[in-house]
Amino acid sequence: MTEQLVQENPMRRIRIVKVTVNIGIGEPGERLNRAFSLLEELTQSKPVMTKAKRSIRDFGVRKGTSIGVKVTLRGKKGMEFLRRALEALGNKVKSSSFDDYGNFSFGIAEHTLLPGTRYDPEVGIFGMDIAVTMERPGYRVMRRRAKPSKIPRRHRVNREEAIEFFKKELGVEVS
């Protein structure tokens, strides 16, 4: 039924909008700078620093200090990185990684698991979180400045459709 609707209506097609890669360090300093350069090297894009939203005295974190790095990848770059990241997991993901809106996120324990990367003792080992945002054509009406409106539930991507998309498009095994 769903595939039949997609063939009939191009507005029902699911697409990957962006792939966000995040490395959380928890403290400013040299380690954060190494994570910044590593992420830049892995993604071929310029990352941005993420800042603490509030102070946590027990961890010595002040509001506004840089505690991590992230980069947003779109289009072909995003798909290439996503394929490499999924390959690091053996193309297997849990169904609990998908949320009710079809978005998908997972983590990689060590960046050295990515194909084509090697361990560098000067850089060290970093884990990372990867979030994939999915949507259908027409979501722009939700984000536009003039007269924004809600996307009806029947047009949103749900969990089952996202799982089916990943199985079909990327050959991922979902358990």
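For reference, positions follow the sequence shown, starting with 1.
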Just wondering, are more than 12 heavy atoms of other shown residues or ligands nearer than 6.0 Å to CZ in R118? no
Are more than 12 heavy atoms, taken from residues, nucleotides or ligands other than R153, located less than 6.0 Å from that residue's CZ atom? no
Are the side chain of [X] and the backbone of [Y] linked by a donor-acceptor contact shorter than 3.5 Å?
X: H111; Y: G127; result: no
X: S97; Y: F106; result: no
X: S66; Y: M49; result: no
X: R15; Y: V17; result: no

Under 4.5 Å between any side-chain heavy atoms of [X] and [Y], yes or no?
X: I16; Y: T133; answer: no
X: P137; Y: M11; answer: yes
X: F165; Y: I163; answer: no
X: V71; Y: V48; answer: no
X: F126; Y: R34; answer: yes
X: R83; Y: E87; answer: no
X: V21; Y: D129; answer: no

Working to the nearest 0.5 Å, report the span between [atom1] of [X] and [atom2] of [Y].
X: F104; Y: R159; atom1: CZ; atom2: CZ; answer: 12.0 Å
X: I108; Y: L89; atom1: CD1; atom2: CG; answer: 5.5 Å
X: I125; Y: E110; atom1: CD1; atom2: CD; answer: 4.5 Å
X: L170; Y: E173; atom1: CG; atom2: CD; answer: 14.0 Å
X: L38; Y: E40; atom1: CG; atom2: CD; answer: 10.5 Å
X: E160; Y: E164; atom1: CD; atom2: CD; answer: 10.0 Å

I would like to know whether S149 and M142 meet side-chain contact (heavy atoms from CB on, under 4.5 Å); could you show each step before the answer? CA-CA 5 Å; S149 64; M142 185 174 61; over 6 Å; no
Shortest non-hydrogen contact from [X] to [Y]?
X: K51; Y: I67; answer: C-CG1, 4.2 Å
X: L42; Y: F81; answer: O-CD1, 4.2 Å
X: M134; Y: A162; answer: SD-CB, 4.0 Å
X: R12; Y: H155; answer: NH1-CA, 3.7 Å
X: V172; Y: K167; answer: O-CG, 3.4 Å
X: G138; Y: I151; answer: O-CD1, 3.6 Å

Cluster question for you: counting only ILVMFWY and a side-chain heavy-atom cut-off of under 4.5 Å, with indirect links fine, are [X] and [Y] together?
X: V19; Y: Y101; answer: no
X: V69; Y: V61; answer: no
X: I23; Y: F59; answer: no

Does the distance from a Lys or Arg side-chain N to an Asp or Glu carboxylate O, for K18 and E135, drop under 4.0 Å? no
Can you list the steps and then say if T72 with R74 is a side-chain contact (heavy atoms from CB on, under 4.5 Å)? CA-CA 7 Å; T72 302; R74 296 178 192 272; 4.1 Å; yes
Are K94 and S175 close enough that a side-chain donor and a side-chain acceptor fall under 3.5 Å? no
Taking salt bridge (Lys or Arg N to Asp or Glu O under 4.0 Å) as the criterion, tell me which of R156, R136, K168 meets it with E161. R136
Audit row: I130, S105, side-chain contact (heavy atoms from CB on, under 4.5 Å) steps and yes/no: CA-CA 6 Å; I130 299 163; S105 60; over 6 Å; no
Please assess V141 against K147 for the test side-chain contact (heavy atoms from CB on, under 4.5 Å), listing each intermediate value before the final yes or no. CA-CA 8 Å; V141 297; K147 295 186 178 181; over 6 Å; no
